[in-house]
Amino acid sequence: MLQLSTCSRSTFLALPAGIRSLLKPQTLALGRRYRSEDTSRRPLIIDGRSYPTDAWTNIPPPILDHYGRKLHVQPNHPLSITRKLIESCFPEFQHHNALSGVVTVDQNFNSLGFAADHPGRSRTDTYYINKDTLLRTHTSAHEVDVFRSNTSNGYTIAADVYRRDAVDRTHYPAFHQMEGALTWDRNHFKTTDDFLHHLSSALANFKPPNVEVEDANPPFHPERNPPQEKHHSPEEAELVGAHLKRSLEHMVVTIFTEADKALQSSGLELTAEDKDPLKVRWVESFFPHTSPSWEMEVWWRGDWLEVLGCGVIEQPLLIRSDVPSRVGWAFGLGLERLAMLLFGIPDIRLFWSKDSRFLSQFDENKPIRRFQPFSKYPAAPRDVAFWLPKSGPVVAETPAATSTAPSPAGGKQTEPTLDTAPAFHENDLMEVVRSTAGDSVEDVTCIDNFKHPKTGRQSLCYRVTYRSLEKTLTNEEANSLHEQIRQELVTRFGVELR
Ligand code: FA5
Ligand code: MG
């Protein structure tokens, strides 16, 4: 389930999926500034290096505790096993697994053509070390550097990435992505027709996938999902896009096949969910660094789960990377999401577990085995309802969809600016919850959003579901965590508890 707050759901769902994923879940403008977590201006030490901090710094200690665990290369870890399986689908590619998670604003956003006002840049979405340096929010931060090194036609990058994000069983603020790209050098072909012919024959080599694949949209669409007319002929755009989709279908079928074998050999009684055949669908999307763009979703436990974004690489990006004669595709996938499919892992928090009941279940030298959940502890839901402060303007909806448009100044250094209109963002609440209760929280959902007809004041109610993966939380423990969260909301945001 891709859970979003029920608050701005209808407006949000009316937007195309790709734009939805790039937008903030909800912005509530308040009359006061969200207090920065680090006001002491002491340097941050990351990986043994010292970084100056400033008014942009917003990394809480629990996030730094996750930094450096390198789960994607930890032997026998399910993320590492999943990474290797995906790498095996791209045997000719160069595989990068040790790129630093500390990157510049230029690498993470500017080099990819993110617009200056792209919501992803804001402090509500991104963990900043200081105004110029941040914890990468995606593996695409390395695209230009890797293209520039021009050492292979294809590459993958697996790495830990960080985002201030929702709290539920498929989202976590520290997670792992795997990026992949394949480019062809047009100069290696005598004529354009030779290149097109090469692409067509490569396509003919793909076996049809043995899972149901829904693809309702045309290869591109002049308004919704345009080809790069200045740089690519329609045939080229269509063939590169088709090659991308077939390559990723092949990858996901490999995962499904292994998952299915694990399920069949588990000896477990199959549930209705297990028997639900896995299927895939393509939806149109938007990324500043690809066009046309798509997302792949997979039917998982009764809902569509977004597993990756991809598209035909923006040619200006390849030009900036000093490989102007190359044309190709790129994708970025959520490694946890695929590992959840592969092993049947029900909750994303488990990947960080140091509990041997979790870790001992995975062995990279043996066939994939289905994860056997250890006992599920009871859930303790608690609600918190509050009035937003009187002084502030009432709900400001998610930023305009246009702000995700590619920057015309793509690649130019954009000076970041601190948000001038201070806002309480739903992600701020998510962070209060995580910083206070850590992994004892399974889910946070907005269950009521009410505006008083007379006073115009706005009230919100969130349901916080406490459930530890490792023990039963007593009532007292859940109450105490909840009370701390309530008080923190008052202190930080000046809300009035109801
Ligand atoms: C990106 O990050 C793009 N850079 C992907 C890309 C690469 C597009 C190259 C085009 C070319 P997105 O924000 O949708 O896209 O994230 C990619 C995937 O990461 C998602 O499909 C999802 O599987 C996973 N993901 C995103 N947020 C989280 C989260 N909080 N927890 C776990 N997985 C997440
Ligand atoms: Mg997405």
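For ligands, and for the atoms within them, numbers begin at 1 and follow the listed sequence.
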(request) Show which atoms of ligand 1 fall inside a sub-4.0 Å distance from at least one heavy-atom site of Asp165. (result) 27 (N), 29 (C), 30 (N)

(message) In terms of relative ring orientation, are Phe93 and Trp329 parallel, tilted or perpendicular, with 30° and 60° separating the classes?
(response) tilted

(request) For Phe287 and Ser285, work out which heavy atoms get closest and say how close. (result) CE1-OG, 3.6 Å

(message) Can you see whether Asp168 engages His171 through a side-chain donor-acceptor pair at a distance of less than 3.5 angstrom?
(response) yes

(message) With heavy-atom distances below 4.0 Å as the criterion, list the atoms of ligand 1 near Val307.
(response) 21 (O), 23 (O)

(message) Judged on heavy-atom distance to atom 8 (C) of ligand 1, which of Pro288, Gly309, Gly120 sits nearest?
(response) Gly309

(request) Counting heavy atoms only, name the option from Met178, Glu336, His138, Gln177 that's nearest to atom 16 (O) of ligand 1. (result) Gln177

(request) Could you list the atoms of ligand 1 found under 4.0 angstrom from a heavy atom of Ala330? (result) 9 (C), 11 (C)

(message) Out of all atoms in ligand 1, which are within 4.0 Å of some heavy atom of His289? Include the element for each.
(response) 4 (N), 6 (C), 7 (C), 8 (C), 9 (C), 10 (C), 11 (C)

(request) Could you check Phe351 against His176 for ring-ring contact (aromatic ring centres under 6.0 Å, His included), going step by step and ending with a plain yes or no? (result) CA-CA 10 Å; Phe351 291 101; His176 295 77; 8.3 Å; no

(request) Heavy-atom contacts with Leu308 under 4.0 Å: which atoms of ligand 1 show up? List them by number with element. (result) 21 (O)

(message) Less than 6.0 angstrom from the centroid, inside 45 degrees of the normal: does Arg357 satisfy that with respect to the ring of Phe374?
(response) yes

(request) Go through the side-chain N and O atoms of Glu92 and Asn153 and say whether any donor and acceptor fall under 3.5 Å apart. (result) no

(request) Work out whether the distance between some heavy atom of Ile348 and some atom of ligand 1 is less than 4.0 Å. (result) yes

(request) Report yes if Glu306 has an N/O atom closer than 3.5 Å to an N/O atom of ligand 1; otherwise report no. (result) yes

(request) Nearest 0.5 Å please: distance from the CD atom of Glu249 over to the CH2 atom of Trp282. (result) 6.0 Å

(message) I want to know if ligand 1 touches Glu143 in the polar sense, i.e. an N/O pair below 3.5 angstrom.
(response) no

(request) Measure the acute angle between the ring planes of His138 and Phe109, then classify it against the limits of 30° and 60° as parallel, tilted or perpendicular. (result) tilted

(request) Give a yes or no on whether the backbone of Tyr377 and the side-chain of Arg467 come within a donor-acceptor separation of less than 3.5 Å. (result) yes

(request) Give the atoms of ligand 1, by number and element, whose distance to some non-hydrogen atom of Ser140 is under 4.0 Å. (result) 4 (N), 7 (C), 9 (C)

(request) Give the name of the N/O/S atom in Glu295 that lies closest to the Mg ion (ligand 2). (result) OE2

(request) Please name the pair of heavy atoms, one in Ile345 and one in Trp300, separated by the smallest distance, quoted to 0.1 Å. (result) O-CZ2, 3.9 Å

(request) Have a look at ligand 1 and work out which part of His171, if any, has a heavy atom under 4.0 Å from it: side chain, backbone, both or neither. (result) both

(request) Assess whether salt bridge (charged side-chain N to carboxylate O under 4.0 Å, His left out) is satisfied between Arg492 and Glu431, documenting all intermediate values. (result) CA-CA 12 Å; Arg492 283 210 193 180; Glu431 190 133 296; 5.7 Å; no

(request) Run the numbers for me: atoms of ligand 1, each under 4.0 Å from some heavy atom of Cys310, listed by number. (result) 8 (C), 10 (C)

(request) Report yes or no: does a heavy atom of Thr139 sit under 4.0 Å from some atom of ligand 1? (result) no

(message) For the Mg ion (ligand 2), give me the closest N/O/S atom belonging to Glu306, just the atom name.
(response) OE2

(request) Using distance alone, determine whether Tyr172 and ligand 1 share an N or O pair under 3.5 Å. (result) yes

(message) I need the atoms of ligand 1 closer than 4.0 Å to a non-hydrogen atom of Thr170, numbered in the order shown.
(response) 31 (N), 32 (C)

